[in-house]
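Numbers restart at 1 for each chain; the letters A, B, ... are given by sequence-line order, proteins then strands. Side chains are part of it too, since the values below use all heavy atoms of this structure and drop only hydrogens, waters and symmetry mates.
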2 protein chains.
Amino acid sequence: MDQVKTDPRIIRTRKLIMDTFIDLSSKKEFKDITVKDITTEAMINRATFYYHFEDIYDLLDKALSEVLLVNLKSEEYEQEELNEGSLISIFKAITNFQMSLSNRCHRGYEDTIARIIRDQLEVLFYKMLSKEHDAKENETLKIAAVMLSWGLYGASVEWRRNSQNVTPEEYIKSVIPFITKGIQ
Amino acid sequence: MDQVKTDPRIIRTRKLIMDTFIDLSSKKEFKDITVKDITTEAMINRATFYYHFEDIYDLLDKALSEVLLVNLKSEEYEQEELNEGSLISIFKAITNFQMSLSNRCHRGYEDTIARIIRDQLEVLFYKMLSKEHDAKENETLKIAAVMLSWGLYGASVEWRRNSQNVTPEEYIKSVIPFITKGIQ
DNA sequence: ATGGAAGTGTTGGATATCCAACATTTCCAT
DNA sequence: ATGGAAATGTTGGATATCCAACACTTCCAT
């Protein structure tokens, strides 16, 4: 996969920072977390933080992406077809992730988080679509991926707001034919 | 206390190595643990191991000392007098430590471990004795510390072998007058 | 408004850790 | 016994991390 393996110090330090950040996130709101908080708690130098991340928003971005990736178990999906089964489990992963976030007070950063989720979904959908379609449809596939990611994300927001009385699976299942077979 | 604070990287790495070692010790016998095992598990470079420890015996030495120190809560005792109360709790610490070790298969290394325990005790006793006696008795105090450490250690071995039906406290309590007031 | 305390990013030189390579020793199957 | 595989220590150069210092911004008590 990776031609050059990354220095173990880098893996160690990034994990330390991210874990500490996620840990702190469950105790404080994001806006009250400073870079110094993280670095002292993680026992790494503040300068080292800036060696790995541009700023604290960059960390938020990467930390959430990582957590979401775990939920999405991306490598597995990339092997799969884009059908009813995989769509349902992706949707469940999204709602799971959002529910887990809601315990961790990131109030005021919904926009950032939403963008991160959609970015991840878009990449994933694009990969899956590419496997089943010709390369010359490239631009079309990208747009399709964008629409799918916004669409599924929007559905998850709607579900969280109004429909938690039904399971995510039930919620999304009925509309899947419109995705796979089109609105006709 | 420490005039120069030690580099956080050193603290981090030593802890990683020691924790990994103690962890491995509960799964394998000491003689089957290699330096490579430890370093790969701890995700640090083998060369780094030799930067901190002479060899694996040096690690055993330092790791056990550290664990024992925690049991002895050394700083606290150093404040205290050498009387019935402190002797009892030190004895309890020793037996505690030995019982915790016996779960961790260090078979064949009793001698090394015994030496480490006695060394630690000797240092502690010497400090406590020095506080209550004149500096010019120095050499005598050192010998007394040696005898106390061997004596208490020996008692703990005996207790472990033959007398686990009584508590360590009961076991040692009766003989304490011989220590504090002499055999007369 | 103003000054000071705390947070942010950045820098250069010091130090710890990594890595690959090497010679040596230990182990053990044949 | 012998040869090869694995473990041990060691080394030099590359890289990540530390630290102290700096200029700059943000906040907020007076």
Side-chain angles (χ1 to χ4, degrees), chain A residues 1-25 27-64 66 105-109 112, chain B residues 1-25 27-64 66 105-109 112:
Chain A
M1 302 291 149
D2 300 331
Q3 13 255 46
V4 250
K5 10 180 166 173
T6 70
D7 193 309
R9 287 172 286 186
I10 290 185
I11 299 173
R12 208 165 35 232
T13 303
R14 290 217 173 118
K15 180 161 167 42
L16 216 74
I17 294 178
M18 289 203 183
D19 287 352
T20 305
F21 173 60
I22 290 184
D23 191 50
L24 277 180
S25 297
K27 296 175 189 149
K28 283 186 185 186
E29 291 196 35
F30 176 72
K31 72 174 172 48
D32 295 329
I33 298 177
T34 76
V35 173
K36 193 150 198 284
D37 288 340
I38 298 169
T39 55
T40 43
E41 178 79 14
M43 290 209 298
I44 60 116
N45 195 278
R46 207 161 53 82
T48 306
F49 176 93
Y50 290 105
Y51 182 88
H52 293 280
F53 304 98
E54 287 203 2
D55 52 30
I56 204 171
Y57 299 97
D58 186 34
L59 170 61
L60 174 65
D61 195 272
K62 289 177 173 151
L64 290 187
E66 190 126 313
C105 325
H106 283 284
R107 260 167 296 168
Y109 288 85
T112 311
Chain B
M1 298 292 148
D2 298 333
Q3 14 256 44
V4 252
K5 9 181 168 175
T6 70
D7 192 309
R9 287 172 285 185
I10 290 185
I11 298 173
R12 206 162 40 229
T13 303
R14 290 218 174 117
K15 181 162 167 41
L16 247 172
I17 294 178
M18 289 205 184
D19 286 353
T20 305
F21 173 60
I22 291 184
D23 191 52
L24 277 180
S25 297
K27 296 176 190 150
K28 282 187 186 187
E29 293 196 35
F30 176 73
K31 71 175 172 48
D32 295 329
I33 298 176
T34 77
V35 174
K36 193 149 197 284
D37 288 340
I38 298 169
T39 54
T40 42
E41 178 78 15
M43 290 209 299
I44 59 115
N45 196 278
R46 207 160 52 83
T48 305
F49 176 93
Y50 290 104
Y51 182 88
H52 293 280
F53 304 97
E54 287 203 2
D55 52 31
I56 204 171
Y57 299 97
D58 186 35
L59 170 61
L60 174 65
D61 196 272
K62 290 177 172 150
L64 290 187
E66 189 127 313
C105 323
H106 283 285
R107 259 167 297 168
Y109 288 85
T112 311

Side chain of [X], heavy atoms from C-beta onward: which of [options] has the nearest atom to it?
X	options	value
Y50(A)	dT11(D), dA7(D), dT8(C)	dT8(C)
V35(A)	dC19(C), dT8(C), dA16(D)	dT8(C)
N45(B)	dG7(C), dG9(C), dC19(C)	dC19(C)

What's the [atom1]-[atom2] distance between [X] and [N], to the nearest Å?
X	N	atom1	atom2	answer
I44(B)	dA16(C)	CD1	C1'	11 Å
M43(A)	dA16(C)	CE	P	16 Å
K31(B)	dA7(D)	NZ	C1'	15 Å
Y51(B)	dT17(D)	OH	C1'	13 Å
K15(A)	dT17(D)	NZ	C1'	19 Å
I33(A)	dG7(C)	CD1	P	13 Å
L16(B)	dT17(D)	CG	P	13 Å
K5(A)	dC19(C)	NZ	P	8 Å

Contact list (N/O, under 3.5 angstrom) for nucleotides 21-26 of chain C vs protein:
none

Please report the interatomic distance [atom1]([X]) to [atom2]([Y]), rounded to the nearest 0.5 Å.
X	Y	atom1	atom2	answer
H52(A)	M18(A)	NE2	CE	10.0 Å
Y57(B)	K62(B)	OH	NZ	15.5 Å
R9(A)	R9(B)	CZ	CZ	9.0 Å
E66(A)	L59(A)	CD	CG	10.5 Å
D19(B)	L24(B)	CG	CG	11.0 Å

| query | For DNA chain D, what residues of residues 7-14 of chain A have any heavy atom nearer than 4.0 Å? | reply |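 Within this stretch, D7(A), R9(A), I10(A), T13(A) sit under 4.0 Å of the strand.
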| message | Under a 3.5 Å distance rule, please check whether T39(A) uses its side chain to pair with a backbone N or O of K36(A) as donor and acceptor. | response |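 At least one qualifying donor-acceptor pair exists.
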Every protein N/O lying under 3.5 Å from an N/O of nucleotides 3-5 of chain C:
none

Give me the atom names and distance for the closest heavy-atom approach of [X] to [Y].
X	Y	value
A42(A)	T20(A)	CB-OG1, 3.3 Å
I38(A)	I56(A)	CD1-CD1, 4.0 Å
F53(A)	D58(A)	CA-OD2, 3.4 Å

| said: Nearest heavy atom decides the nucleotide; on that basis, is T34(B) or A47(B) closer to the 5' end of DNA chain D? | reply: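 Taking each residue's closest nucleotide, the earlier one in sequence belongs to T34(B).
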| field | Of K28(A), K31(A), R46(A), the residue whose pairing with D37(A) passes salt bridge (charged side-chain N to carboxylate O under 4.0 Å, His left out) | value |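 Among the candidates, only K28(A) passes.
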| message | Can you confirm whether P8(A) sits close enough to N45(B) that some side-chain heavy atom of one is under 4.5 Å from a side-chain heavy atom of the other? | response |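 Not touching, per the 4.5 Å side-chain cut-off.
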| query | Are H52(B) and dA16(C) close enough that a side-chain N or O sits under 4.0 Å from OP1 or OP2? | reply |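 Answer is no, no contact under 4.0 Å.
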| side-chain contact (heavy atoms from CB on, under 4.5 Å) evaluation trace for L16(B) with M43(B) | CA-CA 9 Å; L16(B) 247 172; M43(B) 290 209 299; over 6 Å; no
